[in-house]
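This report concerns only the one structure given below.
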Amino acid sequence: MPRTQGGESVLSRVVRIVETFAPGDSALSVTEIARRSGLHIATASRLVEELCSFGWLERDNDRKVRVGMRMWEVVSRASPTLSLREAAMPIMEDIHGIVGQHIQLGVLEGDEVLFIERLTAPGAVINYTRVAGRLPLHASSSGLLLLAYAAPAQQERIIAGPLKVFTGQTISNPSQLRSALADVRRQGYAFLAGHIHPDATGIAVPVRDPAGKVVAALAIVLPNDDTARSRIAVLQAASAAVSRAMVYPAPPQH
């Protein structure tokens, strides 16, 4: 791998450039890319131009830079969550038609929940998530659900904190979190009212692979009122349908 005078590989610098694009960033100037990546403007400009030549990045008419169609194409077809998303989307659309609120699919990524699909509707309750967006595990229903079935070492690491507080209802201390995780495992779902925003309730249920391992959280975000709990049963039925629809490749034959 070619290295720069400072010892950092060219690939490392390319990764730094690509990771400057945060959720909600449709396009960035080269100056902003250089600032966020910590690269000299000349270095950032040169690497951006090379990435554009391969189609991994693209320039707008105003010379701002955006993620290119070629990158989107490769990432989409090679995504490890492709079969999960394909199995879930028809069922998510059915729930969306019934509930008329946010429906989302999240997976465990590091110490956060990463949302890989999301459906919404005009007039739906406030929701901070977006596709490719992340939230802390302790604060969101999807995150809490995934953490409840995660490895014990990861659970203990998150329990030890720090635990970011969003509202007065957010789980904010180790004993609360430990108790909440036990409740999720006992009930089979996570129900968090007002933990991310006072007006919203999140409900999440597990999606399992053929071996019974929890691989994702299927969730709805709806108004924080007395009717929220009535949606648990339909969400559980939907997650069971997604689990049945999951298709995994056969293991290699030796």
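Below, all heavy atoms of this structure are taken into account, side chains as well, without hydrogens, waters or symmetry copies. Just so we're clear, the structure is a prediction, and the values are computed from it rather than from any experiment.
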Just by distance, do the side chain of [X] and the backbone of [Y] share a donor-acceptor pair under 3.5 Å?
| X | Y | value |
| --- | --- | --- |
| Ser53 | Glu50 | yes |
| Ser37 | Ile33 | yes |
| Ser243 | Arg208 | yes |
| Ser179 | Gln176 | no |
| Gln155 | Leu147 | yes |
| Arg134 | Leu114 | no |
| Gln154 | Gly110 | yes |
| His138 | Leu144 | no |
| Asp60 | Arg63 | no |
| Asp225 | Thr227 | yes |

I want to check something: taking the side chain as every heavy atom from C-beta on, are [X] and [Y] in contact at a cut-off of under 4.5 Å?
| X | Y | result |
| --- | --- | --- |
| Ile41 | Thr31 | yes |
| Trp56 | Val18 | no |
| Phe191 | Ile232 | yes |
| Leu84 | Val107 | yes |
| Leu145 | Ser141 | no |
| Leu105 | Met92 | yes |

Q) Does any pair with a residue in residues 146-169 pass salt bridge (Lys or Arg N to Asp or Glu O under 4.0 Å), and if so which ones, sequence neighbours excluded? A) Asp111-Arg157, Glu156-Arg178

Q: Consider only side-chain N and O atoms of Ser12 and Ser9, and report whether a donor and an acceptor are under 3.5 Å apart.
A: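 Side chains of Ser12 and Ser9: pair found under 3.5 Å.
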
Q) Under 3.5 Å, is there a donor-acceptor pair linking the side chains of His102 and Thr120? A) yes

Spacing of [X] atom [atom1] and [Y] atom [atom2] [to the nearest 0.5 Å]:
| X | Y | atom1 | atom2 | answer |
| --- | --- | --- | --- | --- |
| Leu222 | Ile103 | CG | CD1 | 8.5 Å |
| Leu11 | Arg16 | CG | CZ | 12.0 Å |
| Phe166 | His195 | CZ | NE2 | 12.0 Å |
| Asn224 | Thr201 | CG | OG1 | 3.5 Å |
| Leu218 | Ile203 | CG | CD1 | 11.0 Å |
| Ser140 | Gln104 | OG | CD | 8.0 Å |

Q: Given side chain to side chain contact (heavy atoms under 4.5 Å, CB included), test Ile159 with Leu181 step by step and report yes or no.
A: CA-CA 10 Å; Ile159 287 171; Leu181 294 174; 4.1 Å; yes

Q. Stepwise, does the side chain to side chain contact (heavy atoms under 4.5 Å, CB included) test hold for Leu28 with Arg36?
A. CA-CA 10 Å; Leu28 299 173; Arg36 293 187 184 186; 3.8 Å; yes

Q.
Starting from Ile158, can I reach Val165 by hopping between I/L/V/M/F/W/Y residues whose side chains sit under 4.5 Å apart?
A.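 They do not share one cluster, since no chain of ILVMFWY contacts under 4.5 Å joins Val165 to Ile158.
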
Closest non-hydrogen atom pair between [X] and [Y], with its separation:
| X | Y | value |
| --- | --- | --- |
| Ile17 | Leu47 | CD1-CB, 3.4 Å |
| Met71 | Val67 | SD-CG1, 3.7 Å |
| Ala148 | Val184 | CB-CG1, 3.6 Å |
| Val113 | Pro136 | CG1-O, 4.5 Å |
| Cys52 | Arg59 | SG-CG, 4.1 Å |
| Val207 | Ser239 | CG2-CB, 4.3 Å |

**Q.** Ring-face cation of Arg66 near Phe21 (centre distance under 6.0 Å, axis angle within 45°)
**A.** no

Q.
Check this for me, if you would: do Arg70 and Glu58 make a salt bridge, where the nitrogen-to-carboxylate-oxygen distance has to be below 4.0 angstrom?
A.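 No, this pair does not count.
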
Q | Residues Arg231, Val99; criterion side chain to side chain contact (heavy atoms under 4.5 Å, CB included); working and verdict | A | CA-CA 8 Å; Arg231 301 301 189 180; Val99 178; 4.2 Å; yes

Q) More than 12 heavy atoms of other residues, nucleotides or ligands under 6.0 Å from CG of Asp226: is that the case? A)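 At most 12 heavy atoms, drawn from other residues, nucleotides or ligands, come within 6.0 Å of this atom.
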
